[in-house]
Number of protein chains: 2
Amino acid sequence: MVTTHSHPQYDGDDPLMLAPVCSIFRRFLHDQGLKFTSERAHILDTVLTKTEVFEAEQLLNEMRSSDQKVSKATIYRTLKHLVECQIIEEVLLDPRQTHYQTCIGRPPTGHLMCVESGKIVEFPLEEIRELVNRICDEHGFQHVGHRLVIQGISPEAAQQDRDEAS
Amino acid sequence: MVTTHSHPQYDGDDPLMLAPVCSIFRRFLHDQGLKFTSERAHILDTVLTKTEVFEAEQLLNEMRSSDQKVSKATIYRTLKHLVECQIIEEVLLDPRQTHYQTCIGRPPTGHLMCVESGKIVEFPLEEIRELVNRICDEHGFQHVGHRLVIQGISPEAAQQDRDEAS
DNA sequence: ATCGATGCAAAAACTTTGCATCGGT
DNA sequence: ACCGATGCAAAGTTTTTGCATCGAT
């Protein structure tokens, strides 16, 4: 059987749940002999406002326009730690840029992506859990994570294609 | 003609399947008003020897060391066409580099990847087809493709971790 | 007072593009 | 002959790194 880690439930609607995630990150950093700085706190804060997939650059712009100044380098360095700490995960929608998403306290999701418009729809991923576990077992792998990305054409894009064809 | 070499990895049952792939590409190019050049033929040839995931740079090195000279730019330009033509697909294992794999004439596979060693194991993907179709239907998407990547720790890497810990 | 963290700019890694020339059709 | 394709090098993107200084513990 594959190990599952449980984290306190994080609810985007409830600001009080921010503290636990922050503590988790703090403990993680402390355990590694790393420091909890105000920059890291601000980045985590901004990350936790994200309900959808986001990019490093986005984070940087948002933080700058809300007068919290952080360098690009620190953003990248901190995102790495947040991934290791399993607060966020890399989504891999596009080979040319890393996309991130909060994963702590939320059930795993797959991503349905429109190849024409870039629109992304999330969907629950429970159903493949059994398959994933079996594949891992068959090859003696210890499960770390999994991602399902479906590429398609959204109804809107299909309609637009039809309009343009006529 | 470049497409008459034997490619044990790809042909499996029928070496004659190579010609059809070449024709498919040719027709694809023709239909777009593009040209079937000897560079493109060589690249397709080399691509079809690949049984596993590969990178653009790898292709370039292999072609150079086997006296076929192609530029990096042409490799990238041709890979794009091969993706569009659905002879190969992008695999998205790593956000820092595009990985490709031949997909024409093979059943779709998922990828089990060791996060420590980078080892990759493929597995058949039929089982999630129904789920994928259902998700597409539910959102009115027209299916284009899908990929499942499982990340884990391979038995070898796990053993090595234990060795290092002691 | 330690180290690790930060910011900046430079570098790195991968991919794309401009342009003169070549070559399929 | 036309117009897309090629090679080269330069440019573009995203991410990483070196280094002097700052700041958490």
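First the proteins, then the strands, lettered A, B, ... as listed; each starts at 1.
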Asker: Rounded to the nearest angstrom, tell me the gap between atom CD in A:E39 and atom C1' in C:dC8.
Answerer: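 Value for this atom pair: 14 Å.
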Asker: Please determine, by modelled atom types, if B:E84 and B:Q32 share a side-chain donor-acceptor pair under 3.5 angstrom.
Answerer: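 Short answer, no.
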Asker: Quick check: on DNA chain C, is the nucleotide nearest A:L34 upstream (toward 5') of the one nearest A:A73, or the reverse? Name the residue that is more 5'.
Answerer: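 The residue mapped nearer the 5' terminus is A:L34.
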Asker: Taking 4.0 angstrom as the limit, do B:E127 and A:R134 come out as a salt bridge?
Answerer: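 Here B:E127 pairs with A:R134 in a salt bridge, since their nearest N and O are under 4.0 Å apart.
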Asker: Would one find a side-chain N or O of B:T37 under 4.0 angstrom from OP1 or OP2 of D:dT6?
Answerer: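 B:T37 to D:dT6 OP1/OP2: side-chain N or O found under 4.0 Å.
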Asker: May I have the distance from B:L92 (atom CG) to C:dC14 (atom P), rounded to whole angstrom?
Answerer: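 Spelled out: CG on B:L92 to P on C:dC14 is 16 Å.
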Asker: Starting from the 5' end of DNA chain C, give me the residue, A:S71 or B:K72, whose nearest nucleotide shows up first.
Answerer: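 This one resolves to A:S71.
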Asker: CG of B:L59 versus C1' of C:dT15: gap in Å, rounded?
Answerer: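 Rounding to the nearest Å, CG of B:L59 and C1' of C:dT15 are 15 Å apart.
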Asker: If the cut-off is 4.0 Å, is B:Y76 near the phosphate of C:dT15, judged by side-chain N/O to OP1 or OP2?
Answerer: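 The answer is yes; a side-chain N or O of B:Y76 sits under 4.0 Å from OP1 or OP2.
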Asker: Using whole Å, report how far OH of A:Y100 lies from P of D:dT14.
Answerer: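 The distance from OH of A:Y100 to P of D:dT14 comes to 12 Å, rounded to the nearest Å.
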Asker: Classify the ring geometry of B:H146 against B:H143: parallel below 30°, tilted from 30° to 60°, perpendicular beyond 60°.
Answerer: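 Judged by the thresholds at 30° and 60°, the geometry between B:H146 and B:H143 is tilted.
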Asker: Between B:T74 and D:dG7, is there a contact of a side-chain N or O with OP1 or OP2 at under 4.0 Å?
Answerer: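 Yes.
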Asker: Is there a donor and acceptor pair, one atom on the side chain of A:R77 and one on the base of C:dG7, closer than 3.5 Å?
Answerer: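 Between C:dG7 and A:R77, which were checked side chain against base, a qualifying N/O pair under 3.5 Å is present.
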Asker: Would you kindly give the NZ-to-P distance between A:K69 and D:dG23, to the nearest whole Å?
Answerer: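 Result: 11 Å.
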Asker: Using whole Å, report how far CZ of A:R64 lies from C1' of C:dG7.
Answerer: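 One finds 10 Å between C1' of C:dG7 and CZ of A:R64, rounded.
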Asker: D:dT6 P sits how many Å from B:H42 NE2, rounded?
Answerer: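 From B:H42 NE2 to D:dT6 P: 12 Å.
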Asker: Between A:H99 and B:I75, which is nearer to the 5' end of DNA chain D once each is assigned its nearest nucleotide?
Answerer: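 Between the two, 5'-proximity favours B:I75.
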Asker: Within this structure, what is the CZ-to-P distance between B:R40 and C:dC22, rounded to whole angstrom?
Answerer: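 These atoms are roughly 18 Å apart.
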Asker: Select base, sugar-phosphate, or nothing to describe what B:T98 touches, counting heavy atoms under 4.0 Å on all strands.
Answerer: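 Since only primed, P, OP1 and OP2 atoms lie under 4.0 Å of B:T98, the category is sugar-phosphate.
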Asker: With a sphere of 6.0 Å drawn around CD of B:Q86, does it hold more than 12 non-hydrogen atoms of other residues, nucleotides or ligands?
Answerer: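 Atom CD in B:Q86 is not crowded, with 12 or fewer foreign heavy atoms closer than 6.0 Å.
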Asker: Does the side chain of A:Q97 come under 3.5 Å of the side chain of A:E55 through a donor N or O and an acceptor N or O?
Answerer: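 Yes, a side-chain donor-acceptor pair sits under 3.5 Å.
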Asker: Think A:R96 has a side-chain N or O under 4.0 angstrom from the OP1 or OP2 of D:dT15?
Answerer: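 False: A:R96 side-chain N/O out of range (4.0 Å or more) of D:dT15 OP1/OP2.
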Asker: Donor-acceptor pair under 3.5 Å: do we get one between A:K35's side chain and the base of C:dC3?
Answerer: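 When only heavy-atom distances are counted, A:K35 does reach the base of C:dC3 through a donor-acceptor pair under 3.5 Å.
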